[in-house]
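One structure below.
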Amino acid sequence: MEYSHSDAELAGQPIGYWAWAAHTAAVTHIRAGLARHGLSQPQWWVLNQVAGHAGGRDRAEVTDMLKRYLDTGSDVLTTDTDDLLDRGLLTLDGDRLYITADGADLHARCAALQKEMRARIHDGISDEEYVRTLKVLQRMIHNVGGKMWHH
């Protein structure tokens with residue numbers, strides 16, 4: 001791979017730009033893959049949180065946990081969850097969300113897709129490099145009093 005600058009020049013590059021560029025490239029790639037299966041990224045998050053829970057998941061609990069993802073907020077999650085219900089991918093019994101057979105099938109296909117997309121994003125990057133990168137980013141977030149959270 002050819003890099004944009006020499007190591008010495010990269011050391012002086014702005015983290016804000018490169019973090020934004022990495023975020024934009026990765027999220028655009030992921031959203032395009034999910035869109036081919038008729039899902040938005042927040043819809044995938046909801047479906048993924050309900051899949052594998054035979055006893056269902058409390059809708060408010062799922063929304064509360066996911067609303068911090070990429071500044072999505074609860075309004076988007078409410079609309080996207082309603083869409084999954086309308087499409088028959090989820091059902092609602094009281095306050096509990098359950099995945100349907102169609103939802104489980106779509107979830108399985110998109111889970112496989114997620115593995116493929118992750119492999120492409122991580123191509124040529126060792127686990128050690130990836131962990132180091134995340135630790136550096138987390139340290140930068142900590143240094144400026146930022147908030148970070150992921151399940």
Side-chain angles (χ1 to χ4, degrees), residues 1 3 14-151:
M1 157 149 186
Y3 293 98
I15 184 59
Y17 171 77
W18 291 106
W20 168 82
H23 160 84
T24 300
V27 170
T28 298
H29 178 70
I30 291 164
R31 288 180 176 173
L34 290 169
R36 290 193 305 268
H37 291 274
L39 287 178
S40 69
Q41 191 177 33
Q43 288 171 334
W44 162 252
W45 298 332
V46 171
L47 203 60
N48 195 46
Q49 288 301 312
V50 178
H53 292 272
R57 295 284 309 270
D58 181 79
R59 182 177 179 153
E61 176 187 329
V62 171
T63 299
D64 187 52
M65 183 185 65
L66 294 175
K67 71 182 176 186
R68 296 176 271 184
Y69 278 35
L70 303 179
D71 296 325
T72 300
S74 57
D75 291 344
V76 167
L77 291 166
T78 297
T79 300
D80 282 337
T81 301
D82 288 344
D83 184 59
L84 294 171
L85 290 163
D86 291 345
R87 292 169 57 190
L89 301 171
L90 295 176
T91 61
L92 188 62
D93 184 8
D95 293 332
R96 300 205 59 83
L97 294 166
Y98 295 88
I99 196 162
T100 65
D102 287 345
D105 178 60
L106 181 59
H107 177 266
R109 286 185 281 130
C110 288
L113 174 65
Q114 288 285 3
K115 287 181 183 180
E116 292 170 19
M117 290 188 296
R118 186 181 194 284
R120 180 164 183 194
I121 292 168
H122 286 244
D123 185 38
I125 301 167
S126 70
D127 286 347
E128 293 79 16
E129 289 174 301
Y130 182 67
V131 167
R132 179 77 177 143
T133 299
L134 292 186
K135 286 182 174 182
V136 167
L137 290 171
Q138 288 183 14
R139 181 61 191 207
M140 289 178 169
I141 294 164
H142 172 80
N143 287 348
V144 297
K147 296 179 182 177
M148 58 183 155
W149 176 87
H150 197 271
H151 66 280

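These values consider heavy atoms only, across backbone and side chains, with no hydrogens, waters or symmetry-generated copies.
- Across all their heavy atoms, Arg57 and Gln49 have their closest contact at NH1-O, 2.9 Å.
- The two residues Gln41 and Val27 make their nearest non-hydrogen contact at OE1-CG1, 3.9 Å.
- Scanning all heavy atoms of the two residues, the minimum distance from Asp93 to Tyr98 falls at CB-CE1, 3.7 Å.
- Nearest heavy-atom pair, Gly33 versus Leu113, reported as atom, atom and distance to 0.1 Å: O-CD2, 3.2 Å.
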How far apart are the C-alpha atoms of Thr79 and Asp82, what are their side-chain angles, what is the distance that settles it, and do they pass the side chain to side chain contact (heavy atoms under 4.5 Å, CB included) test?
CA-CA 5 Å; Thr79 300; Asp82 288 344; 5.7 Å; no

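- In this structure, the separation between CG on Leu85 and CG on Asp80 is 11.0 Å, given to the nearest 0.5 Å.
- Rounded to the nearest 0.5 angstrom, Gln43 CD and Leu89 CG are separated by 8.5 Å.
- Tested against Leu77 for a side-chain contact (heavy atoms from CB on, under 4.5 Å), the candidates Val46, Val62, Asp64 yield a single pass: Val46.
- Taken from CG in Leu47 to OG1 in Thr81, the straight-line distance is 10.0 Å, to the nearest 0.5 Å.
- Side-chain atoms of Arg96 come within 3.5 Å of backbone N or O of Gly56 as a donor-acceptor pair.
- The closest side-chain heavy-atom distance from Ile30 to Gln114 is below 4.5 Å.
- Atom CG of Asp102 and atom CZ of Arg87 lie 10.0 Å apart (nearest 0.5 Å).
- Of all heavy-atom pairs between Ile99 and Ala51, the closest is CD1-CB, 3.9 Å.
- The nearest pair of heavy atoms linking Trp44 to Leu34 is CB-CD1, 3.7 Å.
- Qualifying ring pair (Phe, Tyr, Trp, His ring centres under 6.0 Å) partners for Tyr3, counting only residues two or more places apart in sequence or in other chains: none.
- Separating the SG atom in Cys110 from the CD atom in Glu116 is a distance of 10.5 Å, to the nearest 0.5 Å.
- The closest donor-acceptor contact from the side chain of Thr100 to the backbone of Gly88 lies under 3.5 Å.
- Under the 4.5 Å side-chain criterion, counting only non-hydrogen atoms from C-beta, Arg59 is not in contact with Leu90.
- Arg109 places no side-chain N or O within donor-acceptor distance of the main-chain N or O of His37, the cut-off being under 3.5 Å.
- Taking CD1 of Ile125 as the start and CZ of Arg132 as the end, the distance is 15.5 Å to the nearest 0.5 Å.
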Side chain to side chain contact (heavy atoms under 4.5 Å, CB included) evaluation trace for Ile15 with Leu137:
CA-CA 9 Å; Ile15 184 59; Leu137 290 171; 4.0 Å; yes

